Amino acid sequence: MSSLIPLRHLRQLSTTAKSSISISQAKSKLRTEYDPDKALEIYSSVSEHYASPTSSRYAQDLTVRRLAKSHRFADIEKFIESHKNDPKITQEPFLCTLIRSYGRSGMFDHAMRTFDQMDQLGTPRSSLSFNALLTACTNSKQFEKVPQLFDEIPNKHGVSPDKVSYGILIKSYCEAGKPEKAIETLRLMEEKGIEITAVTFTTIFNALYKKGNGEEAENFWNEMVKKGIEVDAAAYNVKIMYVHGGNPDNVKALIEEMANAGLKPDTISYNYLMICYCRNEMMEEAIKVYEGLEGNACNPNAATFRTLIFYLCSSEDYDKAYKIFKRSVEVHKIPDFNTMRHLVEGLVKKKKMKEAKGLIRTIKKKFPPNVLVAWKKVEEGLGLTSSDRNASSVPDDDEAKEATA
DNA sequence: CTAGGGTTAG
């Protein structure tokens, strides 16, 4: 019933692959290529002789994501199915990648069918493919189906669930808003002697907080610590997430507690602190957190720039906001449309026309065409036209910087 | 050893 589509069909999806490129070249190209057809073209031009499994998986994953974003499900099917002709299909990790890719695209039925085909393809089954199937299930948002698979698959195919399988089951209960079922499963793991890691713990801890049950969450934390579980930065970040709406001192205290416990606060931890300062109109403190990131061995991420620039605009510090915006462009982490609109409107209001025009030039180069349609309205609202003479003249320092980036 | 958790919205 399942016909395996020949590899040559993959070529039909893309235009001619002119030259061979290395997997690392493909990866960097794919990261910035959002056109699904071009992504396919890049993928099919890879000479895969020396590609590591991790690299190929990443390139494949990016390609599928581009197609999924454009809802090209028939092409996703052709693309993934073509991989079943690869001799590596008898290797379980390779096949797992296909199952996960279907899951990411919300195509759980295809993932299930691929799992069922394993006998026919000659691929041995272990908890690895079982876990890939469960992951596909949660990624397809079919959380209610996970417990069912958990009941059926192990007996049917002789695979035994491991700590990861149980972790996914727990996650699915949490997503379904049933932390009590998740805790029940945790007790079952304890009975069976299956290791409870920081990952499993954090899933439940977060779900309890999310349900508004902070006290139970804290009790759960304490119980787990007593049992010897080693909480990590991600677990602390959940805690921080639920206190960052209040007093910045609480966030600061938790970050210190983390450091004292020998953990390294990461960008997410510091972002919560920065946001907390912003909300409390303590912009100098917020900027200090941003400027201190590097010294704390952290890099600002897209959210760091987006949030800080937004709040700087709210406090009408457009100079500082513009400076930080330029930095975000240098590291390719440009904020979203709305934040940029706030900034350009503020710059114009303060008659900082050189900066406003610099920003507009950058936006035109960095935003996708469909967003630029809306952006044109912003420009018109500000009385700035696109056919500006300055734009075509000698590049200023903004453009020079971008050219070397 | 990989897989499963936390991504912060003004």
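Below, read A as the first sequence line, B as the second, and so on, with proteins coming before strands; counting in each chain starts at 1. Keep in mind it's a predicted model, so treat the numbers as computed, not measured.
Near DNA chain B, defined here as any heavy-atom distance below 4.0 Å, the residues from residues 308-315 of chain A are A:F310, A:Y311, listed numerically.
Take A:R104 and apply the side chain to side chain donor-acceptor pair (under 3.5 Å) test, not counting sequence neighbours, and it matches no residue. Under the rule for a side chain to side chain donor-acceptor pair (under 3.5 Å), the partners of A:E257 that lie at least two apart in sequence or sit in another chain are A:Y236. With sequence neighbours excluded, the residues forming a ring pair (Phe, Tyr, Trp, His ring centres under 6.0 Å) with A:F150 are A:F130, A:Y166, listed by chain and number. Scored by the ring pair (Phe, Tyr, Trp, His ring centres under 6.0 Å) test, A:F143 finds no partners at all (sequence neighbours excluded). Residues that satisfy the side chain to side chain donor-acceptor pair (under 3.5 Å) test with A:Y242, not counting sequence neighbours, are A:N206.
Sorted by first then second residue, the salt bridge (Lys or Arg N to Asp or Glu O under 4.0 Å) pairs that include residues 289-299 of chain A, not counting sequence neighbours, are A:E291-A:K320.
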Just by protein heavy atoms under 4.0 Å, how would nucleotides 1-8 of chain B read 5' to 3' in B, S and -? --BBBBSB
Side-chain donor-acceptor pairs of residues 171-184 of chain A under 3.5 Å, sequence neighbours excluded:
residue	atom	partner	partner atom	Å
A:K171	NZ	A:E175	OE2	2.8
A:S172	OG	A:L169	O	2.7

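What separates CG of A:N338 from P of B:dA9 is a distance of 14 Å, to the nearest Å.
Between A:K226 and A:E223 there is no salt bridge, since no side-chain nitrogen of the basic residue lies less than 4.0 Å from a carboxylate oxygen of the acidic one.
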